[in-house]
Enquirer: 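What follows is a structure written as structure tokens; I'll ask about it next.
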Amino acid sequence: MSTTQVRPTPARTKTKGYAAQSATSALAPFSFARREPLPGDVQIDILYCGVCHSDLHTVRNEWKNSVYPVVPGHEIIGRVTAVGDEVTRFKPGDLAGVGCIVDSDRTCPNCRAGLEQLCDSGFTGTYNSPDKHLGGMTLGGYSKTIVVDQDFVLDIREKHNLAGVAPLLCAGITTYSPLRHWKVGKGQKVGIVGLGGLGHMGVKLAAAMGAHVVLFTTSPGKKEDARRLGAHEVVISKNQNEMGKHANSFDFILDTVSAEHDLNSYLALVKADGTMVLVGAPENPPVVEPFSLIVKRRQLAGSLIGGIAETQEMLDFCAERGITSDVEIISMDKINEAYERMLRSDVKYRFVIDMATL
Ligand code: NAP
Ligand code: ZN
């Protein structure tokens, strides 16, 4: 007798959202199905969803892995409306958060170490991943409701500024995790490259961890904001002279830039045995000169969001210190305009969709 378990197809309920039907089409209203909660599931009415540059990369198939229709959105804050029989951590009425990950194999060494983002089977993304319950692909948070296994749902302790909490679920954890992993703290000089959604959280978090923070920007108009957000110094990266003054001086640089730019000019600022970490993921691969690394034994690394336990740790860290994202709340029908503004680096510093407008 076979021991393979046949997964019953769950019942479905209708919801609505915004989807892109191809790499060249705008986001537009779209109706689709969510599963009814299974025993371990939490059903959530979405209140706010942040707008990440990864949403835009995926909608436009810039990473060459998009399967349409794409309903983006992985910075989700909502209220629980129903839970399955086995759910212990949430009840209807609770606030809940969902980030970039909604499932993983839970058995590989990385999952067992709490690093679901590094799951050897590939984690299930909140959107654009195979949906093992309904078939097709997972559909994200630019929508009214979502159903997620309780093990991937976050507890929200900050109850007031919910729009400002939403971006922590991706921009927050993506900057918090490398800052923690590379042990950024007091006495260290830390660079953050790019003042967008990720960058502004990187500035706030690195400052909260006690580092001396230098923000690199291409936008002179963001200088004052950068200081208000916690940067101790601001460098206009197009100015060679300003850049040169920081040569060989950084313990750590976090690069959050979403478009093509020269990594070597930042590597030159890292001191001996220091590290530069990429979280930004531009469409085209960068050129790294070997000598940028060889001299001064510099290290270049990457980092991907963070695990579920670390995401909770980051949310609690932020709640204790009153750290939230600086947001511009938009209605759902303004999303295509918001993408164009994001491409012009005209966002202060995260768009968040008010889902009541859908
Ligand atoms: P964003 O809000 O659009 O911010 C990107 C910032 O990069 C801009 O505000 C701008 O800052 C700077 N920038 C843009 N074009 C530039 C150029 N041509 N040269 C130099 N700087 C430029 O984007 P985001 O949501 O923070 O996401 C940033 C990147 O991280 C995206 O590629 C996204 O896909 C990726 N991401 C990665 C992870 C991960 O786990 N690794 C998670 C989430 C997102 P200034 O105006 O200050 O120069
Ligand atoms: Zn994101």
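In listed order, ligands and their atoms are each counted from 1.
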Enquirer: Restricting to N, O or S atoms of His74, which is nearest to the Zn ion (ligand 2)?
Expert: NE2

Enquirer: Who's the nearest protein heavy-atom neighbour of atom 43 (C) of ligand 1, and how far?
Expert: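 Protein heavy atom at minimum distance: Cys170 SG, 3.3 Å.
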
Enquirer: Could you find the nearest protein heavy atom to atom 28 (C) of ligand 1 and give me its residue, atom name and distance?
Expert: Thr256 O, 3.0 Å

Enquirer: Give yes or no for whether the N/O distance cutoff of 3.5 Å, strictly under, is met between Gly199 and ligand 1.
Expert: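 No, since none of the N or O atoms of Gly199 sits under 3.5 Å from an N or O of ligand 1.
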
Enquirer: Output yes when Asp225 and Lys222 qualify as a salt bridge under the 4.0 Å nitrogen-oxygen rule, no when they do not.
Expert: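 No, no charged N to carboxylate O under 4.0 Å.
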
Enquirer: Just so I know, are the side chains of Gln117 and Leu115 near enough to count as touching, which here means a heavy-atom distance under 4.5 Å?
Expert: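 In short, these two side chains touch, coming nearer than 4.5 Å.
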
Enquirer: For Gly194, counting its heavy atoms only, list the atoms of ligand 1 lying under 4.0 Å from any of them.
Expert: 11 (O), 47 (O)

Enquirer: Starting from atom 46 (O) of ligand 1, locate the nearest protein heavy atom and write down its residue, its atom name and how far away it is, to 0.1 Å.
Expert: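 Sorting protein heavy atoms by distance from atom 46 (O) of ligand 1 puts Ser219 OG, 2.5 Å first.
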
Enquirer: Salt bridge or not between Asp94 and Lys159? Use side-chain N to carboxylate O under 4.0 Å.
Expert: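 Between Lys159 and Asp94 there is no salt bridge, as every charged N stays at least 4.0 Å from the carboxylate O atoms.
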
Enquirer: Would you say the rings of Phe32 and Phe30 are close, in the sense that their centroids are separated by under 6.0 Å?
Expert: yes

Enquirer: Are Asp151 and Arg106 close enough for a salt bridge, meaning some N to O gap below 4.0 Å?
Expert: yes

Enquirer: For ligand 1, find out whether one of its N or O atoms is nearer than 3.5 Å to an N or O atom of Tyr349.
Expert: no

Enquirer: Looking at ligand 1, does Gln117 have a heavy atom less than 4.0 Å from it?
Expert: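 No.
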
Enquirer: Considering only the protein, which heavy-atom contact is closest to atom 15 (N) of ligand 1, and what is its distance?
Expert: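 In this structure, atom 15 (N) of ligand 1 has Ala259 CB, 3.6 Å as its nearest protein heavy atom.
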
Enquirer: Check each atom of ligand 1 against the heavy atoms of Thr217 and keep those under 4.0 Å away; list them by number with element.
Expert: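 Listed by number with element: 45 (P), 46 (O), 47 (O), 48 (O).
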
Enquirer: If you measure from each heavy atom of Ala171 to ligand 1, is any distance below 4.0 Å?
Expert: no

Enquirer: With a 4.0 Å cut-off, would you call Glu340 and Arg60 a salt bridge?
Expert: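 Judged by the 4.0 Å cut-off on N to carboxylate O distance, Glu340 and Arg60 do form a salt bridge.
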
Enquirer: Return yes when atom NZ of Lys16 has more than 12 non-hydrogen atoms of other residues, nucleotides or ligands closer than 6.0 Å, and no otherwise.
Expert: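 Incorrect, the count does not exceed 12.
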
Enquirer: Going by distance only, is there an N or O of Gly197 that falls short of 3.5 Å from an N or O of ligand 1?
Expert: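 Between Gly197 and ligand 1 (N or O atoms, distance only) the closest approach is under 3.5 Å.
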
Enquirer: Quick test of your reading of the model: are Asp273 and Arg297 salt-bridged, counting only N-O distances below 4.0 Å?
Expert: yes

Enquirer: Looking only at N/O atoms, are Pro282 and ligand 1 under 3.5 Å apart anywhere?
Expert: no

Enquirer: Counting the benzene-type ring for Trp, do Phe152 and Phe123 have ring centres under 6.0 Å apart?
Expert: no

Enquirer: Counting backbone and side-chain atoms alike, does His53 have an N/O/S atom under 2.8 Å from the Zn ion (ligand 2)?
Expert: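 Not a single backbone or side-chain N, O or S atom of His53 is under 2.8 Å from the Zn ion (ligand 2).
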
Enquirer: Of the options Gln188, Lys271, His212, which is the one that meets Asp251 in a side chain to side chain donor-acceptor pair (under 3.5 Å)?
Expert: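 Of the listed residues Gln188, Lys271, His212, the side chain to side chain donor-acceptor pair (under 3.5 Å) partner of Asp251 is Lys271.
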
Enquirer: Considering only protein heavy atoms, which is closest to atom 4 (O) of ligand 1, and at what distance to one decimal place?
Expert: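 Answer, as residue, atom name and distance: Gly196 CA, 3.3 Å.
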
Enquirer: What atoms of ligand 1 come within less than 4.0 Å of a heavy atom belonging to Gly280?
Expert: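 It comes down to these atoms of ligand 1: 29 (C), 30 (O), 32 (O), 35 (C).
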
Enquirer: Do Thr81 and Asp45 meet the criterion of a side-chain donor-acceptor pair at a distance under 3.5 Å?
Expert: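 Thr81 vs Asp45: no donor-acceptor pair found between side chains.
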
Enquirer: Heavy-atom contact check, 4.0 Å cutoff: does Trp63 meet ligand 1?
Expert: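 Within the 4.0 Å threshold, so yes.
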
Enquirer: Could you tell me whether Glu233 and Arg227 have a side-chain N and a carboxylate O separated by less than 4.0 Å?
Expert: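 No salt bridge links Glu233 with Arg227.
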
Enquirer: Looking at atom 40 (O) of ligand 1, what's its closest protein heavy atom, distance included?
Expert: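 Heavy-atom neighbour on the protein nearest atom 40 (O) of ligand 1: Ile305 N, 2.8 Å.
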
Enquirer: If you count the atoms of ligand 1 from 1 in the order shown, which ones are under 4.0 Å from a heavy atom of Thr174?
Expert: 38 (C), 39 (C), 40 (O), 41 (N), 42 (C)

Enquirer: Please identify which atoms of ligand 1 are closer than 4.0 Å to at least one heavy atom of Val257.
Expert: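 Going through ligand 1 atom by atom, the ones under 4.0 Å from Val257 are 7 (O), 13 (N), 16 (C), 20 (C), 21 (N), 22 (C).
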
Enquirer: Is a side-chain donor or acceptor of His74 paired with a backbone partner of Pro72 at a separation under 3.5 angstrom?
Expert: no

Enquirer: Please state which protein non-hydrogen atom is closest to atom 27 (O) of ligand 1 and give its distance, to 0.1 Å?
Expert: His53 CB, 3.4 Å

Enquirer: Between Lys132 and Asp103, is there a salt bridge with N-O shorter than 4.0 Å?
Expert: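 Salt bridge present between Asp103 and Lys132.
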
Enquirer: Could you tell me which atoms of ligand 1, counted from 1 in the order shown, lie closer than 4.0 angstrom to a heavy atom of Lys222?
Expert: 9 (O), 11 (O), 45 (P), 46 (O), 47 (O)

Enquirer: Is there side-chain contact between Phe252 and Leu179, with heavy atoms separated by less than 4.5 Å?
Expert: yes

Enquirer: Could you tell me whether His261 and ligand 1 have an N or O pair separated by under 3.5 Å?
Expert: no

Enquirer: List the closest protein heavy-atom neighbour of atom 44 (C) of ligand 1: residue, atom name, distance to the nearest 0.1 Å.
Expert: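 I find the closest protein heavy atom is Ser54 OG, 3.2 Å.
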
Enquirer: Please indicate whether any nitrogen or oxygen in Leu304 is less than 3.5 Å from any nitrogen or oxygen in ligand 1.
Expert: no

